[in-house]
Structures are given as C-alpha cells and as structure tokens.
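Below: the structure, in structure tokens.
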Amino acid sequence: SLGEYEHYMLKEIYEQPESIRNAMRGRLDDQDATAVFGGLNLTPQQLRSVERIILTGCGTSWHSALVGEYLIEELARIPVSVEYASELRYRNPPIENNTLVFGITQSGETADTLAALRETKRKGHRTLAICNVVASSIAQAADGGVYLHAGPEIGVASTKAYTSQCCVLAMLALYFGRTRHMSYEAGQGFIEELRRLPAAVQQALTCDQQVRDVAKKYCDATTVLYLGRQYNFPTALEGALKLKEISYIHAEGYPAAEMKHGPIALVDKQTPSVFIVPRGTTHDKVMANMEEVKARGGPIIAVASHDDPHIDAIADDVIRVPQVPGFLQPIVTVVPLQLLSYHIALLRGCDVDKPRNLAKSVTVE
Ligand code: M6R
C-alpha cells in the first residue's frame, strides 16, 4: 500500500536505503573479503575461466548495465560489452568461448531480454539473470542468477530496482575481482564502502525540498540536457530517461565532453543543463564543460558533493549529495534526479505512476 506517500514512485524512491540493504543482506563475506551469491551456479573453475562478460537489458536496466561495465572492468579487469537486448538478439555478434551473459531486468518478463538470453543460451553460452521478480520467465530461463530483493516496484518509472541493480553489479565486480587480482585489503575496503551506502542514500534523500525548488523553476522547459562523465555518464542517461518518461519533457543524456561535438548547439537561456559533478577524477574537466555551457547562457543545475567549494560560483542551482567513492557514485547521484523528474511531472499534472504510452513490463518485442 501507499502508506504516507502520494505515489508509488515517491514511495519507491524513499525505500532505497532499505532496498539497497536488502540487496546486500547475507552477501558480504568479511572473512574472505568478497561477496557471496547463492544462485550463480558456477564452479570455481568456471568462474576463473570467464574471459568476457556481456551485460544486456532494456531501458533503465540497460543503464545499470553501463554502470556494471565500468565496475567490472575497473575492479575485476574482465572485458565487458553492454548490449541492448533488442539488438543483441538479431545482431548475431561473434561471441567468444568463456563468455558469461547477464540479462538485467526488474520484471524478468521483458520480451527482448528474454529472447536475447534464450538465443545466447542456445549457442552454448552460460546465461545468468539479475532480476527482481522471483520465478519470473527470465529467472527461470537463465542458468542461474542473483535476485535484487527490492520488493515490488509498482511505479512504471524504475527507481529502486535501478539502484539495487547497480549495487548487485558492484558486489559482482568485487566477487570477480577477488577471484583474480584484487587484494584482501582492497576487498575489505570495498566492503566497508558498500556498507556505508544505505546511509549515503538516506542522506541524499534529504535534498527533496531543494529539488522541489529547482523543479518549480524549470518545469516549463521543453528540453533538458543531462551531462556526466565516467560512472556518472550512465546517471546522465538515466536522469534524462526519468524526465522523459514521466514528465514528457524532451531530455538527452551525454558524456559531458561530448557536448562540444554537437549538443551544445541546443544550449540557450531556456534550455537547462543538469551536470552530475561529484568530486573525483574528472571533476575539473566537467567544471570546464560547465563553463562552456554558462558562456552560452544556459542555466545550470549541478548535482555536487557536499564539500565542493567552487560549484556555487558557476551553477545556478546546486543539489548536494554525500561523497562516496567513484564506483558507487551512480547509486547516490541518481537519487536527486529521480526526485527532480517526480516533482516536475507532478507540477505538470502528469500521472507519475502510469505515464502515457508505457507499460510496467514490455512483454512484446
Ligand atoms: O523489467 P525490465 O527491467 O526488464 O524493464 C526494462 C525497461 O522496460 C524499463 O527499465 C523501462 O525503461 C522503465 N520504464 C524505465 O523507468
């Protein structure tokens, strides 16, 4: 039931500290400084022989696959490709031996994801599901998998399933990393950071009032740009998708540095840009991208770290989030963007839980 909340989407956004905790429950192994998964059904030999990973899904689940690519490549040094399930199915790419294919899906019923997994399984590859709905078609079709344990997600816009997917992918990166060259200490450090996540997300939720003010200011925009780099490039795509699907405002997500290769032509006084710019390796570069937008008169909304001293001088509006390591940032920085799309959609009188033209699970191709 909705309880104190007006919509399922809002309830599910607020459930995230708990849903992330549930995704981690029983899966962090302090003894061996690794993660444990009951249902992967892989022998240690099979695990070690993995030479490539394909992550596939649709929509928001495809965005979490992009986060997974950064995570697994950085922490486990296994090459990863991310594929739209609808394309993977018919593109017929050559897939090397010892490739592991993960289908990522909240519902477990998305027709394209199911078909892509079936097709790769038919060719003899090992397929696994990262899925929320227990005993769903995709969970059953795969050779094994990991459940999100996020609880039912009713709002059409995926929120808590996304952060749980990112969290499971982070734990998988730890798991694969620890079977290869990640040290015991590094594994321990990673586990500590994961344990801090629910509190960081809880703190990120306190930006709600500030986000409401930003929503009021920009709810009449016709185009919004979302820009971020590295781990926050998928966040930019996800922020843009959230805004599109529930408020019907045109939005685009880009790696921030791609701006000058075309999209910057869209910038004018009426076109706000949302920069996802927490402290980290590309922070200064993204600040430079922000200056370029500002110089062309574009309003700037920044999602930034609590202790960033320079951001107020450039951005028109700043939404502060707690600082976490780069590889966990997407789980924290997406929270204000979920809230922003929610409040803008409300102000525009949209049906946030049941946006037009969309279904919760897309069971047709
Ligand atoms: O159930 P799935 O995760 O397989 O669904 C995939 C997409 O249809 C889904 O993420 C869609 O993009 C959401 N409406 C996004 O909020």
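If you're wondering where the values come from, they're calculated on a predicted model, not measured in any experiment. Counting convention: from 1, in listed order, for ligands and their atoms alike. Nothing fancy with the numbering, it's 1 onward along the sequence.
Side-chain polar atoms of S137 and E109 form a donor-acceptor pair below 3.5 angstrom. Side-chain contact annotation: Y14 with D208, donor-acceptor N/O pair under 3.5 Å present. There is no side-chain donor-acceptor pair under 3.5 Å between H125 and N98.
Protein heavy atom in closest approach to atom 6 (C) of ligand 1: C58 O, 3.3 Å. The shortest contact between atom 5 (O) of ligand 1 and any protein heavy atom is with T110 OG1, 3.5 Å. Protein heavy atom at the shortest distance from atom 8 (O) of ligand 1 is V362 CG2, 4.0 Å. The nearest protein atom to atom 11 (C) of ligand 1, hydrogens excluded, is given as T60 N, 4.2 Å; this is a heavy-atom distance.
No part of E109 comes within 4.0 Å of ligand 1, judged by heavy-atom distances. Under 4.0 Å from ligand 1, the heavy atoms of K242 that appear belong solely to its side chain.
Between Y84 and W62, the ring planes lie parallel to each other; the angle is under 30°, not in the 30° to 60° tilted range. Ring orientation note: the planes of F327 and Y231 are nearly perpendicular, at an angle over 60° on the 30°/60° scale.
Residue contact annotation: G57 has no non-hydrogen atom under 4.0 Å from ligand 1. Residue A157 places a heavy atom under 4.0 Å from ligand 1.
In this structure, R348 fails the cation-pi test against Y248, since its NZ or CZ atom is not both closer than 6.0 Å to the six-membered ring centre and inside 45 degrees of the ring normal.
For ligand 1, none of its N or O atoms has an N or O atom of K360 under 3.5 Å away. Below 3.5 Å of separation, one finds an N or O of S61 facing an N or O of ligand 1. The N/O atoms of V156, backbone and side chain alike, include one that comes under 3.5 Å of an N/O atom in ligand 1. Some N or O of T105 is nearer than 3.5 Å to an N or O of ligand 1, by distance alone.
Under the salt bridge (Lys or Arg N to Asp or Glu O under 4.0 Å) test applied with K160, the options E15, E18, E153 reduce to a single match, E15.
Look at K121 and D143 and you find a salt bridge, because one of the NZ, NE, NH1 or NH2 atoms lies within 4.0 Å of a carboxylate O, short of that distance. Under the 4.0 Å criterion applied to side-chain N and carboxylate O atoms, D29 and R178 are not assigned as salt-bridge partners.
Heavy-atom proximity to Q106, at under 4.0 Å, picks out these atoms of ligand 1: 1 (O), 2 (P), 3 (O), 4 (O). Of all atoms in ligand 1, numbered sequentially from 1 with element shown, those under 4.0 Å from a heavy atom of S107 are 1 (O), 2 (P), 4 (O). Proximity to S158 (heavy-atom distance under 4.0 Å) selects the following atoms of ligand 1: 15 (C), 16 (O). Atoms of ligand 1 found under 4.0 Å from any heavy atom of E245 (numbered from 1 in listed order, with element): 13 (C), 14 (N), 15 (C), 16 (O).
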Which is it for L243 and L340 under the side-chain contact (heavy atoms from CB on, under 4.5 Å) test, yes or no, and what are the steps along the way? CA-CA 8 Å; L243 189 69; L340 184 62; 5.5 Å; no

